[in-house]
Amino acid sequence: MERMYDLRLRGNEGFRVGIKDAREREILGRSENVAEAKPGKNLVLTIDRDMQEIVEKALKDGVIEFSAASASAVVVDPYTGEILAMASYPTFDPNSKKQGVGKMAKNDIVAMSYEPGSTFKVITAAAALENDVVPEDTVFVNEGKCWSWSARAERICDTHIYGDMDMAEAMVQSSNIVYAKVADKVGAEKLYRMARNFGFGMKTSENLAGEEAGRLYMPYELTRDDRTLKTMGFGHAVSVTPIQMVMAYAAIANGGTLMEPMIVKEWRDSDGNLVEKKDPVKVRRVISERTAASIRKMLNRVVNSGTAKR
């Protein structure tokens, strides 16, 4: 943030021309200020300091407990897009003269691109419901633990045999097979368009330094074989960033409206007076209120009785 807004933060230097006598004493009457120094503006972030501290401690504890390589978290207000906390561990201390500048100097929340896996199933569900391709009560017949749609196809598997399921139950159980079938019914064009509307494959904001766009296959790339589209249904064959993912979920929480992530709250002058206040920015309506409500019900079951209870 400091690098991005350096000119506004640093202010303007002032200087004066002084006339001195033979004894190096300034002749005040003949000296003058040519340019007044102006202090820089103060930048106020949307970060909640207490929440940020809690998140940083939780990440550190989690990495130590599970011997993880790293951990990241971001907390967003879904109605405004305000980023309330954003952290990664191991972290980077810019004041340290001993710490090397490596991967931890990057902000993983905006710069780490990865395959989202099952968290992407909400996008597949949104495409199916919004386009009236798969009604909520459609039951998908049990394929056992693995599904093979042709003799030469590489199978798609679940961790368990779940039996017949509709889309909501498949979300609860996190069934790859069902969401592969849903993606197949939705088709490459509609699934691509829905993912694009949610903000995948592009940067979420111009105010997040170092942000990556991720990777979203075009419809013709998804249909080069008979498997890639199906695997995108459960979060493979697509690359996202944490900030893209959290803003997509925020849109579902927000009734289907995608917000721009917001890190700058306001600018104040050196006396603390408000100079400029940033307002939340609505990017677009992605899905209807009805579709968003249906997916929220699914996610409610996921965290209460499904794979995300912990």
Side-chain angles (χ1 to χ4, degrees), residues 1-2 4-5 41-60 62 71-89 91 107-112 114 116 119-123 125-126 194-195 197-200 202-214 240-268 274-304 308:
M1 299 306 295
E2 185 174 352
M4 182 171 286
Y5 293 110
K41 301 291 188 296
N42 291 320
L43 174 60
V44 182
L45 302 180
T46 58
I47 296 292
D48 181 298
R49 185 169 60 182
D50 294 333
M51 197 175 295
Q52 179 75 14
E53 186 177 347
I54 291 168
V55 166
E56 289 183 8
K57 183 180 186 304
L59 291 174
K60 182 178 180 180
S72 303
V74 56
V75 183
V76 170
D77 183 331
Y79 306 110
T80 63
E82 290 179 299
I83 297 173
L84 304 177
M86 177 164 56
S88 296
Y89 187 86
T91 188
N107 179 0
D108 279 352
I109 298 301
V110 302
M112 179 175 65
Y114 67 103
T119 54
F120 196 80
K121 287 171 182 170
V122 296
I123 310 302
M194 182 58 68
N197 285 342
F198 265 108
F200 297 106
M202 65 182 85
K203 294 182 180 181
T204 61
S205 171
E206 294 300 319
N207 299 316
L208 298 171
E211 184 178 4
E212 297 288 339
V240 308
T241 61
I243 193 66
Q244 288 174 340
M245 206 72 233
V246 78
M247 295 316 297
Y249 270 73
I252 293 166
N254 190 29
T257 300
L258 181 69
M259 303 297 293
E260 183 178 309
M262 188 176 164
I263 189 71
V264 175
K265 190 169 188 176
E266 58 193 28
W267 288 92
R268 292 183 175 271
L274 182 66
V275 174
E276 181 183 348
K277 184 174 177 63
K278 297 290 186 179
D279 294 320
V281 177
K282 292 181 180 180
V283 180
R284 70 182 74 86
R285 172 162 289 283
V286 183
I287 52 176
S288 66
E289 291 267 8
R290 182 178 177 180
T291 298
S294 295
I295 296 174
R296 285 199 303 272
K297 287 180 183 177
M298 294 181 190
L299 292 174
N300 185 283
R301 289 180 59 191
V302 170
V303 296
N304 283 304

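Numbering starts at 1 and runs along the sequence shown. No experiment lies behind these values; they were computed from the predicted model shown.
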Using the rule given for side-chain contact (heavy atoms from CB on, under 4.5 Å), can you reason through L258 versus M247, listing the C-alpha separation, both sets of side-chain angles and the distance that settles it, and then say yes or no? CA-CA 7 Å; L258 181 69; M247 295 316 297; 4.2 Å; yes
Are K265 and K278 close enough, and set up right, to give a side-chain contact (heavy atoms from CB on, under 4.5 Å), and what steps lead you there? CA-CA 5 Å; K265 190 169 188 176; K278 297 290 186 179; over 6 Å; no
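When all heavy atoms are compared, the tightest approach of V110 to A209 is CG2-O, 3.8 Å. Smallest separation of non-hydrogen atoms from R284 and G199: NH1-N, 4.2 Å. Between G210 and A111, the closest heavy-atom pair is O-CB, 3.6 Å. The two atoms that bring V75 and M51 nearest to each other are CG1-SD, 3.5 Å, heavy atoms only. Residues A87 and L59 come closest through the heavy atom pair O-CD1, 3.4 Å.
A ring pair (Phe, Tyr, Trp, His ring centres under 6.0 Å) with F120 is found for exactly one of F200, F198, Y249, namely F200. Only one option out of I263, V55, D108 pairs with M86 in a side-chain contact (heavy atoms from CB on, under 4.5 Å); it is I263. Considering T46, V246, L84 in turn, V246 is the only one that fulfils the side-chain contact (heavy atoms from CB on, under 4.5 Å) rule with V76.
Looking only at side-chain heavy atoms (C-beta outward), I287 and M194 come within less than 4.5 Å of each other. Under the 4.5 Å side-chain criterion, counting only non-hydrogen atoms from C-beta, L43 is in contact with W267. A 4.5 Å side-chain heavy-atom check between L299 and V303 finds every atom pair outside the cut-off. Two residues are said to be in side-chain contact when any heavy atoms from C-beta on lie closer than 4.5 Å; I47 and I83 meet this criterion. Side-chain contact between Y5 and N207 is present, with heavy atoms from C-beta onward closer than 4.5 Å. Between V264 and M1 there is a side-chain heavy-atom pair separated by less than 4.5 Å. The closest side-chain heavy-atom distance from K41 to R268 is not below 4.5 Å.
Within 6.0 Å of CZ on R290 lie no more than 12 heavy atoms contributed by other residues, nucleotides or ligands. Counting non-hydrogen atoms of other residues, nucleotides and ligands closer than 6.0 Å to CD of E53 gives a total of 12 or fewer.
Rounding to the nearest 0.5 angstrom, the gap separating the OG1 atom in T241 from the NZ atom in K203 is 11.0 Å. Considering OG1 of T80 and CE of M259, their distance stands at 6.5 Å, rounded to 0.5 Å. The line from CD1 of I109 to OG of S88 is 4.5 Å long, rounded to the nearest 0.5 Å. Rounding to the nearest 0.5 Å gives a distance of 5.0 Å between CD of E266 and NZ of K277. From I295, atom CD1 reaches atom NZ of K297 across 12.0 Å, with rounding to the nearest 0.5 Å. Here the straight-line distance linking atom CE of M202 with atom CD of E211 works out to 11.0 Å at 0.5 Å rounding.
Remark: side-chain polar atoms of N254 are not paired, donor with acceptor, to backbone N or O of A250 under 3.5 angstrom. Side-chain N or O atoms of Q244 include none that pairs as donor or acceptor with a backbone N or O of T204 at under 3.5 Å.
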